There are 2 protein chains.
Amino acid sequence: MANPMYRQIAEDLREQIESGLLKPGQQLRTEIELRDHYGASRNTVRDAIKWLTTLGLVETRPGQGTFVVRKIEPYVTTLTADPKNTAGGDIADIIGLYGEISDEANSGEKKKRTFFKTPPQVEIQKATEIIATQLQVADGTQVISRHERRYIDSTPWSLQTSFYPMGFVLKGAPRLIEAGDIEVGAVKYLGDTLGLRQVAYRDWITVRAPDLTEALFFGVPQDGRIGVFEIFRTAFDQTGAPLRLTVTVFPTDRNQFIINVGPVPAESQP
Amino acid sequence: MANPMYRQIAEDLREQIESGLLKPGQQLRTEIELRDHYGASRNTVRDAIKWLTTLGLVETRPGQGTFVVRKIEPYVTTLTADPKNTAGGDIADIIGLYGEISDEANSGEKKKRTFFKTPPQVEIQKATEIIATQLQVADGTQVISRHERRYIDSTPWSLQTSFYPMGFVLKGAPRLIEAGDIEVGAVKYLGDTLGLRQVAYRDWITVRAPDLTEALFFGVPQDGRIGVFEIFRTAFDQTGAPLRLTVTVFPTDRNQFIINVGPVPAESQP
DNA sequence: GCAAATTTGTTCGTATGTATT
DNA sequence: CAATACATACGAACAAATTTG
């Protein structure tokens, strides 16, 4: 035979899953039962299951069994919002959760989703190369770091860290180094105190494997099968100087993004 | 033991790789040598290597050995170009490869990259649900499909398929169903023949596992460890009607994207 | 071009550990 | 505590791919 046995077994199970014979959440037969069914050894059955696991079709739980994965209802974020729009507070103002926070559910009803985020964890850090480059400060300069964990419907959704030049505090924006939310929104606060208006931003989108902290927070496997979007948003003020750098990490299994260029007609998203 | 042995071996090798002791492209010791070195069985060593493989740190080649992966120099695509800009022909006009086609090499020199694409493979297809929704035609209606394979520096870079409503051909744009390039660019051609101008577009960005065809074309593993961006670009004309849907697939290991909103100062990308 | 040596890939059997019910 | 189910680990044999002589 052309293909190894474990791949044939995997293929057979994959067809059962994709045809709907095995439904999401349903338990597969145990390794012993599959061993007898396919006339292979238990190790070979385990190789087949491991292959399906890497493909993201099934997940195994020790002491319980192997289950067909449930797909997560994706959340869609629009990245091209009005850069001057700061209404809606911190959650909305940072990474573009403007507009409708609702979603077409399976039943066809509109499902309202709820946001929750932790208060910012504030630190003074030395700028890494990428931070220094984006904020146009010298390498190793101290910067303000404000870190949040963000949830939707109590599902871990994203990890976000914003970096500000240290000079902002001395020039009249002391609340940047206070832990806790800035109720009016950080962008409006900088406008009120320093006269800095966010008029533009650039997003840089990459995908990489999650680190251990991210994997634990998002509840994704630690082996990098499921990647994370890492979006670097560099915001600029009216003089063209960098205002802040916001780094947000989203797991790719539950996030999608929209970009609008020009007068795009308003309508339902795909 | 807290951690299983294969994870400890993997961790030891990972530190050697990340510390630079094992350099990209370098061959690891053979499974037999590692077995003797760590005092484990060959199968346990293989489990460790498989873990590193899933993490994307090493790759094994049958008959040769296990090697530290070389990172691919990423290509950066700007998604927010002027929607009316159609200069540069087909390559540039479809998915935003406007501007500088150059890149900072390791040595610090500017390295010019070369594009190549196959002539379009043209087909008449029935619209799937997503195509019908985006083009605002009835489900099952016939549409024109133009498919291309695209390379940069002879590396497979992306797979792109554009869909047009069938009506465009009857209304005076017959070249859409001819195989081969439209030299002036498809957007300009539609403007010249039908008076349709592309004034806006919406990009919808997702990440998923590659299918078999994509994995073979891009040379990535078939097990889904390395995902692909799938970008749906719906373009609109001056009346707000959909002009075409372009679906482009990029492997995540060699592609990054930039979005500019507002007057972003021109400067070097990260 | 072929044969041998090297290296990873697949499969089996067995035993024991760990998590959950 | 006992039963069940997956996780780890060992040893062995042969197959397949590649390089070397």
Side-chain angles (χ1 to χ4, degrees), chain A residues 1-14 17 22 25-69 215-216 219-225, chain B residues 1-14 17 22 25-69 215-216 219-225:
Chain A
M1 278 175 236
N3 282 333
M5 191 187 301
Y6 80 96
R7 291 286 292 274
Q8 296 181 33
I9 296 173
E11 191 56 27
D12 189 63
L13 291 170
R14 196 173 70 84
I17 292 169
L22 291 167
Q26 187 176 348
Q27 182 172 6
L28 272 65
R29 282 168 290 180
T30 67
E31 294 176 353
I32 302 295
E33 290 172 326
L34 292 172
R35 177 197 63 180
D36 297 339
H37 177 60
Y38 289 107
S41 77
R42 183 173 161 234
N43 276 336
T44 301
V45 167
R46 280 177 60 75
D47 282 345
I49 290 175
K50 178 163 255 177
W51 180 260
L52 295 175
T53 299
T54 308
L55 282 175
L57 291 174
V58 304
E59 59 184 348
T60 64
R61 299 200 276 269
Q64 296 186 52
T66 302
F67 302 83
V68 181
V69 295
L216 292 173
V220 298
Q222 296 173 26
D223 61 10
R225 292 198 310 272
Chain B
M1 288 178 234
N3 279 333
M5 189 188 300
Y6 80 96
R7 292 287 293 273
Q8 295 181 33
I9 296 174
E11 190 56 29
D12 188 64
L13 291 170
R14 197 175 68 85
I17 292 169
L22 290 168
Q26 187 177 348
Q27 183 172 7
L28 272 66
R29 281 169 290 179
T30 67
E31 294 175 354
I32 302 295
E33 288 173 327
L34 292 172
R35 177 197 65 180
D36 297 340
H37 177 58
Y38 289 109
S41 75
R42 182 176 160 227
N43 276 335
T44 301
V45 168
R46 280 178 59 77
D47 282 346
I49 290 174
K50 178 162 246 173
W51 181 260
L52 294 175
T53 299
T54 309
L55 282 174
L57 291 174
V58 304
E59 59 184 348
T60 64
R61 300 201 275 270
Q64 297 186 51
T66 302
F67 301 82
V68 181
V69 295
L216 291 174
V220 298
Q222 297 172 25
D223 61 9
R225 294 198 308 274

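What you see is a predicted model; the values in this text were computed from it and never measured.
- Within 3.5 Å, no donor on the side chain of R61(B) pairs with an acceptor on the base of dG9(C), nor the reverse.
- Put simply, CE on M5(A) is 10 Å from P on dG13(C), counting in whole angstrom units.
- A donor-acceptor pair under 3.5 Å links the side-chain atoms of R225(A) to the main chain of T53(A), judged by distance alone.
- With dC12(C), dC10(D), dT8(C) as the choices, the nucleotide that has an atom nearest any side-chain atom of T66(B) turns out to be dT8(C).
- Here the P atom of nucleotide dA13(D) and the CD1 atom of I32(B) are 13 Å apart, to the nearest Å.
- Closest to the P62(B) side chain, of the nucleotides dA15(C), dT11(C), dA17(D), is dA17(D).
- If you take CD of Q27(A) and P of dC6(D), they are 7 Å apart, rounded to a whole angstrom.
- Distance, N43(B) CG to dG9(C) P: 12 Å, rounded to whole Å.
- Here dC12(C) is the nucleotide among dA9(D), dA7(D), dC12(C) with the atom lying nearest to any side-chain atom of A40(A).
- Going from atom CD1 of I9(A) over to atom P of dC12(C) covers 8 Å, rounded to whole Å.
- Between the CG atom of D36(A) and the C1' atom of dA5(D) there is a distance of 14 Å, given to the nearest Å.
- Nearest-nucleotide mapping onto DNA chain D: of Q64(A) and K50(A), the residue sitting toward the 5' end is Q64(A).
- Rounded to whole Å, atom P of dT8(D) lies 14 Å from atom CD1 of I49(A).
- You won't find any donor-acceptor pair under 3.5 Å spanning the side chain of R42(B) and the base of dA9(D), going by distance alone.
- In terms of phosphate contacts, R46(B) brings a side-chain nitrogen or oxygen within less than 4.0 Å of OP1 or OP2 of dG9(C).
- At least one donor-acceptor pair closer than 3.5 Å links the side chain of Q8(A) to the backbone N or O of N3(A).
- Rounding to whole angstrom units, OH of residue Y6(B) and P of dT18(C) are separated by 14 Å.
- Phosphate proximity of dA5(D) to T60(A): absent, as no side-chain N or O sits under 4.0 Å from OP1 or OP2.
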query: Going through the distances and angles, do Y38(A) and T44(A) end up as a side-chain contact (heavy atoms from CB on, under 4.5 Å)?
result: CA-CA 10 Å; Y38(A) 289 107; T44(A) 301; over 6 Å; no

- request: Take L22(A) and V58(A) through the test side-chain contact (heavy atoms from CB on, under 4.5 Å) and record every step on the way to the result.
  value: CA-CA 11 Å; L22(A) 291 167; V58(A) 304; over 6 Å; no

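- Of the two residues near DNA chain C, T30(B) and T44(A), the one whose nearest nucleotide lies more 5' is T30(B).
- In this structure a side-chain-to-backbone donor-acceptor pair under 3.5 Å is present from Q27(B) to Q64(B).
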